[in-house]
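Counting starts at 1 for both ligands and their atoms, in listed order. Bear in mind the structure is a predicted one, so any value in this text is a computation, not a measurement.
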Amino acid sequence: MRRLALLSFHGCPVARLGEKDTGGMNVYVMQLAREFGKRGHQVDVFTRYHDPSDPQIVQLGEGARVVHLKAGPYDTTKQDLYQFIPEFLNAMDSFRSSQGIDYDLIHSHYWLSGRVGMALSQKWNVPHVATFHTLAKTKMRARAGEQESEIRANVERKVMESADGLVVSTEMEKDDLIGLYQASRAKIKVVPAGVDLELFYPRDKDEAKQKLGLEENRVILYVGRIEPLKGIEILLEAVKLLEDSEDTRLVIVGGSLEDDAELERLKGLSERLGIEGKVTFTGSVPQEMLPDFYSAADAFVLPSYYESFGLVALEAMACGTPVVVSRVGGLKTFIKQGETGYLIPWRCPEPFAQRLDMLLANPALKESMGRAARAQALEMSWSGVADRLLDFYSDLLADSWQSVAGA
Ligand code: UDP
């Protein structure tokens, strides 16, 4: 049995998903904590309180729990969190002493947690594994206008230098770590992310549509955080360009219906394009409801400028829905062009519209692509991801034991 400390300073695994700062990383951390717990390990996921009514400890399943720690005001945004790292670090250290737990390994998620992991691994004398999920330099390269602080890129580099292991989801991310940050190749392990196959499986399409109140014959779906890097305006413009858009609805799931500037911008754009009557913005929905959305859809679209992995596309595939996505990042690794979906190399609406027209007009193609997509997703369970990570941890722990023994 290993005692594992997972660090997710800004992203709480039990927070509502699909809002500004809650998405794939939260899902990743929660699924792994659960899988590790199921295998008999003791797992604590450390995150900060963002709501005073949260209990300090939330059980995630057998052996796995979330530990909320106070660090900075509850409503601090991700951009302002850097200054509260010392507070979080001290709170973690005190929690560990008060519980008398000697963790065997720290796995941090995102650069802010990476900074915490870097300090604590020295203090506790345990190996530190870091996963970044996104990198400042990759984000800025992907889309003009993306701004990330210099502090972030510097911290990322230092964490890569000091960590014992670095986990990435794709070979491309590995190349970025090496090419953009000079990380050591030997430290990097590529482990693709997974999908919850107990939740994401095909539901009856008509029933799903009825449940969601979708009356149109054809449904196009986007799910995810609502932010410029996701390229949602490309999808709106593509819907405008469809050859046949009669009896079609575009459903955009994610974001907040109150006080969300990007969502308002997209609503404004759909009005300017004259398609507002065909578009529904639902705001974020609990993950348990997403299988109905995926199953109701004829096509799932993810027009992102960049995706380090793109869990939503894999979830749609697990529900048997064909995907039309940008040919970027992780999406290239699990979607086979023309077989399990369409990868679009250009960030412009025309090719998205063409592929959508083709799919929507061709039920046999839609069916066979959906079946192939599901078959691909079946190969990618979280359970497999957890096994590969635990193997990696074991390798590192043997190494660190040897270096202590040899000292
Ligand atoms: N999600 C959700 N409800 C929403 C929107 C998204 O539960 O309203 C979940 C979705 O199921 C997925 C995650 O949030 O697991 C988004 O992950 P993804 O990797 O696609 O995007 P990221 O947030 O990492 O950019």
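- Residue, atom and distance of the protein heavy atom nearest to atom 10 (C) of ligand 1 are Glu315 OE1, 3.4 Å.
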Listed pairs under 3.5 Å, donor-acceptor, residues 328-335 side chains, sequence neighbours left out:
from	atom 1	to	atom 2	distance (Å)
Thr333	OG1	Gly330	O	2.5

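- Checked against a 3.5 angstrom limit, the closest N/O atoms of Val253 and ligand 1 fall outside it.
- Aromatic ring pairs are classed by plane angle as parallel below 30°, tilted from 30° to 60° and perpendicular above 60°; the pair Phe300 and Tyr222 is parallel.
- The proximity of Val27 to ligand 1, defined as any non-hydrogen pair under 4.0 Å, is limited to the side chain.
- Relative ring orientation between Tyr393 and His107 is described as perpendicular, the plane-to-plane angle rising above 60° on a 0-90° scale split at 30° and 60°.
- Sorted by first and then second residue, the salt bridge (charged side-chain N to carboxylate O under 4.0 Å, His left out) pairs with a member in residues 78-90 read Asp21-Lys78; sequence neighbours excluded.
- Near Gln287, meaning under 4.0 Å from any of its heavy atoms, are these atoms of ligand 1: 7 (O), 10 (C), 11 (O), 15 (O).
- Which of Leu311, Leu331, Val285 comes nearest to atom 4 (C) of ligand 1 through a heavy atom is settled by distance: it is Val285.
- Annotation: Gly283 places no N or O atom under 3.5 Å from an N or O atom of ligand 1; distance criterion only.
- Every atom of ligand 1 with a heavy atom of Val223 under 4.0 Å away is listed here by number and element: 5 (C), 6 (C).
- At a 3.5 angstrom cut-off on N or O pairs, Gly24 counts as close to ligand 1.
- Residue contact check: Arg225 has heavy atoms under 4.0 Å from atoms 22 (P), 23 (O), 25 (O) of ligand 1.
- Residue-level proximity to ligand 1 for Leu302 is absent, since no heavy atom of it falls below 4.0 angstrom.
- Between Pro127 and Asp164, the closest heavy-atom pair is CA-OD2, 3.3 Å.
- Side-chain contact between Val168 and Phe132: absent, with no pair of heavy atoms (C-beta onward) separated by less than 4.5 Å.
- Looking at His133 against ligand 1, nothing comes within 4.0 Å, counting heavy atoms.
- With hydrogens and angles ignored, the 3.5 Å screen pairs no side-chain donor or acceptor of Lys137 with any backbone N or O of Tyr181.
- For the side-chain hydrogen bond (donor to acceptor under 3.5 Å, both in side chains) with Gln376, the lone residue among Arg371, Lys336, Glu339 that qualifies is Lys336.
- Ligand-side atoms of ligand 1 in range of Ser284: 8 (O), range being under 4.0 angstrom from any heavy atom.
- In the vicinity of Lys230, heavy-atom distances shorter than 4.0 Å reach the ligand 1 atoms 21 (O), 22 (P), 25 (O).
- With ligand atoms numbered from 1 in the order given, ligand 1 contributes 1 (N), 2 (C), 3 (N), 7 (O), 10 (C), 11 (O) to contacts under 4.0 Å with heavy atoms of Leu290.
- Look at Asp298 and Lys366 and you find a salt bridge, because one of the NZ, NE, NH1 or NH2 atoms lies within 4.0 Å of a carboxylate O, short of that distance.
- Annotation for Leu214 and Ala296: closest pair CD1-CB, 4.1 Å, computed over non-hydrogen atoms.
- Using a 4.0 Å cut-off between heavy atoms, Thr22 makes no contact with ligand 1 at all.
- Polar contact with ligand 1: absent for Gly224 (N/O pair, distance under 3.5 Å).
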